[in-house]
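Note sheet for the following structure.
Heads up: numbering here begins at 1 and tracks the sequence.
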Amino acid sequence: EVSNGWESKYEMAVPTREGNYKTDIASTLRYLELKKIKKLIVLNQEELEKNKEELKKKSAADKLMLLLQTNIHLKNMADQLTREIGIVIMK
């Protein structure tokens, strides 16, 4: 708990839990969204690996393009969210 003299000494308002709830909720939702996107990226990569031989056929080129475009889109979404959250993910 912050001292009663904080505002007068430092001449700034003390943020309260009630005042920060929107920021906390938005941050939590971004983390949940990022977790879901990462799960979708893994599923998409598994689908690419599972159908690797089948996808080499010319008739499966459309499916391959769709899976690759999906992968790129998901990774772009994850990058955007990490920039918004302000975290760096190293792998």
### Task
Compare all side-chain heavy atoms of Q80 with those of K75 and state whether any distance is below 4.5 angstrom.
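Side-chain contact under 4.5 Å: no.
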### T70 and H73, any side-chain heavy atoms less than 4.5 Å apart
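Sidechains of T70 and H73: no contact.
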Calculate, to the nearest 0.5 Å, the distance between atoms [atom1] and [atom2] belonging to [X] and [Y] respectively.
| X | Y | atom1 | atom2 | result |
| --- | --- | --- | --- | --- |
| L48 | E46 | CG | CD | 10.5 Å |
| K50 | L67 | NZ | CG | 10.0 Å |
| L74 | I37 | CG | CD1 | 6.5 Å |
| T82 | M77 | OG1 | CE | 12.0 Å |
| L66 | N44 | CG | CG | 8.0 Å |

### Query
Mind checking whether L29 and Y21 sit in one hydrophobic cluster, side chains of I, L, V, M, F, W, Y counted as touching below 4.5 Å?
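Looking at the clustering, Y21 is in the same group as L29.
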### Query
In terms of hydrophobic clusters joined by side-chain contacts under 4.5 Å, are L68 and V42 together?
no
### Message
Pair K22, I25 - check side chain to side chain contact (heavy atoms under 4.5 Å, CB included), show working.
### Response
CA-CA 5 Å; K22 286 183 181 180; I25 290 171; 5.8 Å; no
### Task
For the pair R30 and E33, find out whether any cationic side-chain nitrogen is under 4.0 Å from an anionic carboxylate oxygen.
no
### Task
Over all heavy atoms of both residues, which pair between A78 and I41 is shortest? Give the atoms and the distance, please.
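Heavy atoms only, the tightest pair is CB-CD1, 4.4 Å.
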### Query
Any donor and acceptor pair, going by atom type alone, linking the side chain of S27 with main-chain N or O of D24 inside 3.5 Å?
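Absent.
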